[in-house]
Protein chains: 2
Amino acid sequence: MARAATTSDVFNAIAEPRRRQILDLLARRGEQGVGELVGAMRIGQPAVSKHLGVLRRVRIVSVSRRGRRRVYRLNAKELKPVHDWVKGYEQFWSHQINRIKARAEQKAREQDQPTSEK
Amino acid sequence: MARAATTSDVFNAIAEPRRRQILDLLARRGEQGVGELVGAMRIGQPAVSKHLGVLRRVRIVSVSRRGRRRVYRLNAKELKPVHDWVKGYEQFWSHQINRIKARAEQKAREQDQPTSEK
DNA sequence: TCATAATATTCCTATAACGGAATGAATCAA
DNA sequence: TTGATTCATTCCGTTATAGGAATATTATGA
């Protein structure tokens, strides 16, 4: 096999710096037309449109036609899976106490698996 | 230009499902040798080693030689940038009240920028 | 209808990077 | 030493983009 499918899930969608930039722009400015995004972004309109296409496919943004413009809006709740995933690791860096606790849990799990996996 | 450099930042590192799987394994089981990870992962040893290489480059994991084994350990605090970034969007989906507040802020920012960007 | 504006889509090129096979390197055991 | 273990690296083929240029599409206005 070769490269795994990518642009179809949220984690990959936000892996691209420009796509994060787009999200940040939408978060700060609210709804934006494509042209406004292009104006703020050093890359051409087709590139922006394609990134918006990716974000749309994973539902992080939504569009609505307004005359001949397409206004994009943030749909941030689709980022929740990312938030939830990374939150599971928060304990490892937050407070020292939690870190100790987390390590203790690790140790416990290690003991459950007597070296494991052949 | 072509595809942007990727493997050099955390967001891209965690975009790969198998790399997330590796992180999850390390989180649940604690330190693991390469062989143990391979045993839990449907892909060959070279592939696992390469993924570990990526995770190592972005410092999400660290290695220590132990005899002829290489034991990998989670260094989750490197995930903090991701956590911080996505946390900025939490307000958009958490409580309705916050959503309203967030929208109000958006509106305010929109007014600061009279259509903007040409 | 025709021209223009605003976007999306298609075509193209360069490059990134998964994964497997083969190989290299280091370490331990006998 | 020799052989086996445990990983990392290299080489290779395949696929997936990112972005630009050109083009298609849709809506507005005259």
Side-chain angles (χ1 to χ4, degrees), chain A residues 1-23 25-26 31-58 61-73 115-118, chain B residues 1-23 25-26 31-58 61-73 115-118:
Chain A
M1 254 150 263
R3 177 175 238 189
T6 121
T7 310
S8 39
D9 84 303
V10 186
F11 283 91
N12 258 291
I14 64 167
E16 240 290 323
R18 278 105 192 176
R19 287 197 284 262
R20 286 200 303 276
Q21 189 183 354
I22 288 176
L23 296 180
L25 284 167
L26 292 178
E31 304 180 330
Q32 294 272 293
V34 177
E36 295 162 303
L37 294 172
V38 171
M41 287 192 68
R42 302 282 179 103
I43 56 178
Q45 172 264 310
V48 173
S49 279
K50 284 173 218 168
H51 283 307
L52 286 170
V54 173
L55 295 173
R56 209 174 32 194
R57 241 168 287 149
V58 300
V61 303
S62 59
V63 216
S64 51
R65 304 169 114 99
R66 248 178 237 178
R68 49 185 155 184
R69 306 184 53 208
R70 312 256 176 138
V71 178
Y72 282 83
R73 196 181 329 139
T115 309
S116 78
E117 240 60 36
K118 65 129 183 318
Chain B
M1 254 151 263
R3 179 176 236 186
T6 121
T7 312
S8 39
D9 84 303
V10 185
F11 283 91
N12 259 288
I14 64 166
E16 240 289 323
R18 279 111 193 169
R19 287 197 283 262
R20 286 201 301 278
Q21 189 183 355
I22 288 175
L23 296 180
L25 285 168
L26 292 177
E31 305 179 331
Q32 294 273 293
V34 177
E36 294 162 303
L37 294 172
V38 172
M41 287 191 68
R42 303 282 179 104
I43 56 179
Q45 172 264 311
V48 173
S49 280
K50 284 173 217 169
H51 283 308
L52 286 169
V54 173
L55 295 173
R56 208 174 34 195
R57 243 168 284 148
V58 300
V61 303
S62 59
V63 216
S64 50
R65 304 169 114 98
R66 248 178 238 177
R68 51 185 152 180
R69 307 185 51 207
R70 313 254 176 139
V71 178
Y72 281 82
R73 196 179 330 137
T115 310
S116 78
E117 243 54 42
K118 69 132 175 317

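Just so we're on the same page: letters track the sequence lines, and every chain starts at 1.
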Could you state the [atom1]-[atom2] distance from [X] to [N], rounded to the nearest angstrom?
| X | N | atom1 | atom2 | result |
| --- | --- | --- | --- | --- |
| B/Glu36 | D/dC7 | CD | P | 8 Å |
| A/Phe11 | C/dC18 | CZ | C1' | 19 Å |
| B/Met41 | C/dG20 | CE | C1' | 15 Å |
| B/Gln21 | C/dC18 | CD | P | 15 Å |
| A/Asn12 | D/dT17 | CG | P | 7 Å |
| B/Glu16 | D/dT15 | CD | P | 17 Å |
| A/Leu55 | D/dT17 | CG | P | 13 Å |
| A/Arg56 | C/dT9 | CZ | C1' | 11 Å |

Can you list the residues that meet the side chain to side chain donor-acceptor pair (under 3.5 Å) rule with [X], with sequence neighbours excluded?
| X | answer |
| --- | --- |
| A/Ser62 | none |
| B/Arg56 | B/Tyr72 |
| B/Arg70 | none |

**Message:** I'd like to check the salt bridge (charged side-chain N to carboxylate O under 4.0 Å, His left out) partners of A/Arg66; sequence neighbours left out, ordered by chain and number.
**Reply:** A/Glu31
At under 4.0 Å, does any side-chain N or O of [X] touch on OP1 or OP2 of [N]?
| X | N | value |
| --- | --- | --- |
| A/Arg69 | C/dT7 | yes |
| A/Tyr72 | C/dA8 | yes |
| B/His51 | C/dG19 | yes |

**Asked** Taking NZ, NE, NH1 and NH2 as the nitrogens, is one of them in A/Glu16 or A/Lys50 under 4.0 Å from a carboxylate oxygen of the other?
**Response** no
**Asked** Counting side-chain heavy atoms from CB outward, which of D/dA8, C/dT7, C/dG19 is closest to B/Arg18?
**Response** C/dG19
**Message:** Side chain of A/Arg19 only, heavy atoms from C-beta on: which candidate in C/dA8, D/dA18, C/dG19 is closest?
**Reply:** D/dA18
**Fill in**
side-chain contact (heavy atoms from CB on, under 4.5 Å) filter on B/Arg20, not counting sequence neighbours, yields A/Asp9, A/Phe11, A/Trp85, B/Ile14, B/Pro17
**Request:** Encode nucleotides 21-30 of chain C as B, S and - characters from 5' to 3', where the letter depends on protein heavy atoms closer than 4.0 Å: B to the base, S only to sugar-phosphate, - to neither.
**Result:** BB----BB--
**Message:** Let me confirm one number: the CG-CD distance from A/Leu37 to A/Gln45, rounded to the nearest 0.5 Å.
**Reply:** 11.0 Å
